[in-house]
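Encoded as structure tokens, the structure appears first; notes follow it.
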Amino acid sequence: MRKSLLNLLILLASLSASGAPSGNPPERMQHYLTRAAEYAEARNYSLARTYLEPVLISPWITSEQRAQAYVMQAFTYQAEGLFVSAALNYLRALEFDADETTAYASLSYLYAHGLGVARDEGEALRLALEAAQRGDGYSRVYAGMALMDEDIDEARAWLLKPAYVHLAHTFRSGVAGDPDPEEARRWFEAAAEKGSVAASLAIAYMYRDGEFGEPDIKEAARRFSILADNGSPHAKAALAHLYILGDDMDRDEARAFALYYEAAEQGIIDAYIGLGYLYETGPGTATDLDAAETWYRRAAEADDPAAQFRLGSLMFQADLEERTATALYWFERAASAGHAGAENNAAWILATSRHDPIRNGVLALHLAQRAVAQDETPGTLDTLAAAYAENGDFARAIATQTSAIAALSLETESLRGELVDRLARYEAGEPWRE
């Protein structure tokens, strides 16, 4: 239970609202949440609650954020032995987010031990089951052990299902040194037979990604479709993506839109991005850039780097300082998570923007070097050359731009004119301005 609470604190502390609070109200509230998490981790619980006070009454945060703030405040009370206040705050969290897993798990713990509430093993089990159904490992074990004397089959299901799933993952590519996809499938199927949706999803993903050999899109789609019909929002989003790609199956943007929308209503971030893409590009819907921005922003604010990159790309307009600054903000957010495209785009703006307050040659060079280290292409080398030029290092700018031109292929040959123009500018001792 304590581990899950600390994980929440670490998650909040890792968000990028560092430094002085912004004048933007939502960003300021995020800053307060972050500082509260830092003080809670440092066991300065009173100061953590001081930072939480304005968040709990702010109109500028989502219900989910308010629930997280109540959970964090509950944790500070629980850590100090103030269990009544802790229980009240966990209950408040559930009023704002009925899916707040940590609140269910923590309340289960309090009821099981009679801390701040009357001891009630039945209520503890009910709450543990709520948390277990939402993926909390501690609660799965607690529910399984509590049910041993009542329903041995259900007890085994709670105890074995997560074990099978975790065991199966150890045989998958990217985890095991010597992957064994058939052994992974055997354990996933064992978990699926016990009702694990996560295991059934994993098998579908394995077919989609070719872990059994060549990708089998039709089989993946068949499995995703069954899971989607049974209500799985993750399966809906995955199936929608396949309908957009149209690999080995008919493209159906209208069906993709409907599936993404259903998944989005259940809070799936990939569905937010999918809807943003459909509204941005127009297939299956009328192009609506305002709607695209809205959906990308929802995913970006949930700290998804791909969404932050897409939102930055959508908002970037070199001739408008405010739009450029906003685009840069989102690129930098994504870059902080290692998104190579965002590193490159942020570096380009910082090195070439016509708006003086936006440029930062030192940061541009740092990000451009990171982007090249991840993926050396004519585009990333072009950005690195611009960063050298912004820092006045024209010798390296010329050498790097020459390398970018030499690296052009049939697919990137259309960039030659732009790259040659910039090389001429660097040879004249001038930085590039967008």
Side-chain angles (χ1 to χ4, degrees), residues 132-135 137 140 156-158 160-278 281-285 295 299 304-307 310:
Q133 289 165 358
R134 290 165 173 81
R140 284 182 177 134
R156 285 173 176 161
W158 283 116
L160 292 176
K161 182 165 56 177
Y164 287 168
V165 171
H166 292 310
L167 180 60
H169 277 298
T170 67
F171 291 102
R172 294 186 70 182
S173 177
V175 178
D178 186 15
D180 188 341
E182 291 303 326
E183 189 68 8
R185 174 160 51 188
R186 185 168 77 85
W187 287 107
F188 277 135
E189 287 175 345
E193 288 175 2
K194 296 181 180 298
S196 172
V197 175
S200 297
L201 275 169
I203 297 172
Y205 287 128
M206 292 178 77
Y207 275 110
R208 183 196 68 181
D209 298 337
E211 293 186 44
F212 301 122
E214 291 296 317
D216 190 339
I217 301 302
K218 289 184 178 178
E219 179 61 17
R222 185 187 71 81
R223 290 173 176 267
F224 283 136
S225 182
I226 293 171
L227 291 165
D229 288 343
N230 287 326
S232 168
H234 293 284
K236 291 174 183 177
L239 184 59
H241 185 63
L242 295 182
Y243 276 124
I244 290 176
L245 293 178
D247 293 338
D248 293 330
M249 58 187 292
D250 293 334
R251 287 174 59 91
D252 190 339
E253 291 89 356
R255 179 64 177 143
F257 182 86
L259 286 165
Y260 272 141
Y261 198 85
E262 291 175 14
E265 288 186 319
Q266 294 174 272
I268 303 303
I269 292 174
D270 285 347
Y272 300 162
I273 299 172
L275 287 172
Y277 170 80
L278 289 172
T281 59
T285 65
W295 285 108
D304 185 274
R310 286 187 175 276

Worksheet item: For L278 and A256, which heavy atoms make the closest approach, and how far apart are they?
Response: CD1-C, 4.3 Å
Discussion item. If I compare all heavy atoms of A228 with all of A235, which pair ends up nearest, and what's the gap?
Written reply: N-CB, 3.7 Å
Worksheet item: Step by step, would you call K236 with Y261 a side chain to side chain contact (heavy atoms under 4.5 Å, CB included)?
Response: CA-CA 9 Å; K236 291 174 183 177; Y261 198 85; over 6 Å; no
Worksheet item: Taking all atoms of both residues into account, what is the closest heavy-atom pair of W295 and A264, and its distance?
Response: CZ3-CB, 3.8 Å
Worksheet item: So does E214 have more than 12 non-hydrogen atoms from other groups sitting under 6.0 Å from CD?
Response: no
Worksheet item: Could you state the interatomic distance from CD1 (I203) to CG (L227), rounded to the nearest 0.5 Å?
Response: 9.5 Å
Discussion item. Checking R186 against E189 for the salt bridge (charged side-chain N to carboxylate O under 4.0 Å, His left out) test, could you report, in this order, the C-alpha distance in whole Å, the side-chain angles of both residues, the deciding distance, and whether it holds?
Written reply: CA-CA 5 Å; R186 185 168 77 85; E189 287 175 345; over 6 Å; no
Worksheet item: Rounded to the nearest 0.5 Å, what separation is found between the OH atom of Y277 and the CD1 atom of I244?
Response: 6.5 Å
Worksheet item: How long is the gap from CG on D270 to NE2 on H234, to the nearest 0.5 Å?
Response: 8.5 Å
Worksheet item: So, does D209 use its side chain to make a donor-acceptor pair with the main chain of E211 at under 3.5 Å?
Response: no
Worksheet item: Can you tell me how far the CG atom of D252 sits from the CG atom of L239, to the nearest 0.5 Å?
Response: 9.5 Å
Fill in: Intermediate values then yes/no, side chain to side chain contact (heavy atoms under 4.5 Å, CB included), D304 and Y272
CA-CA 10 Å; D304 185 274; Y272 300 162; over 6 Å; no
What pairs of donor and acceptor atoms, side-chain ones from residues 215-225 against any protein atom, are under 3.5 angstrom apart with sequence neighbours left out?
unit_1 : atom_1 : unit_2 : atom_2 : d
D216   : OD1    : E219   : N      : 3.1
E219   : OE1    : R222   : NE     : 3.1
E219   : OE2    : R222   : NE     : 3.4
E219   : OE2    : R222   : NH2    : 2.7
E219   : OE2    : R223   : NE     : 2.8

Worksheet item: Crowded around D250 CG? As in, over 12 foreign heavy atoms under 6.0 Å?
Response: no
Discussion item. Ignoring hydrogens, what is the shortest heavy-atom contact between A299 and I273? Give both atom names and the distance.
Written reply: CB-CG1, 3.7 Å
Worksheet item: Under 3.5 Å, side chain of R251 to main-chain N/O of Y243, donor-acceptor pair present?
Response: no
Discussion item. Using 0.5 Å steps for rounding, measure from the CD atom of E262 to the CZ atom of F257.
Written reply: 11.0 Å
Worksheet item: Shortest non-hydrogen contact from A271 to A263?
Response: CB-CB, 3.6 Å
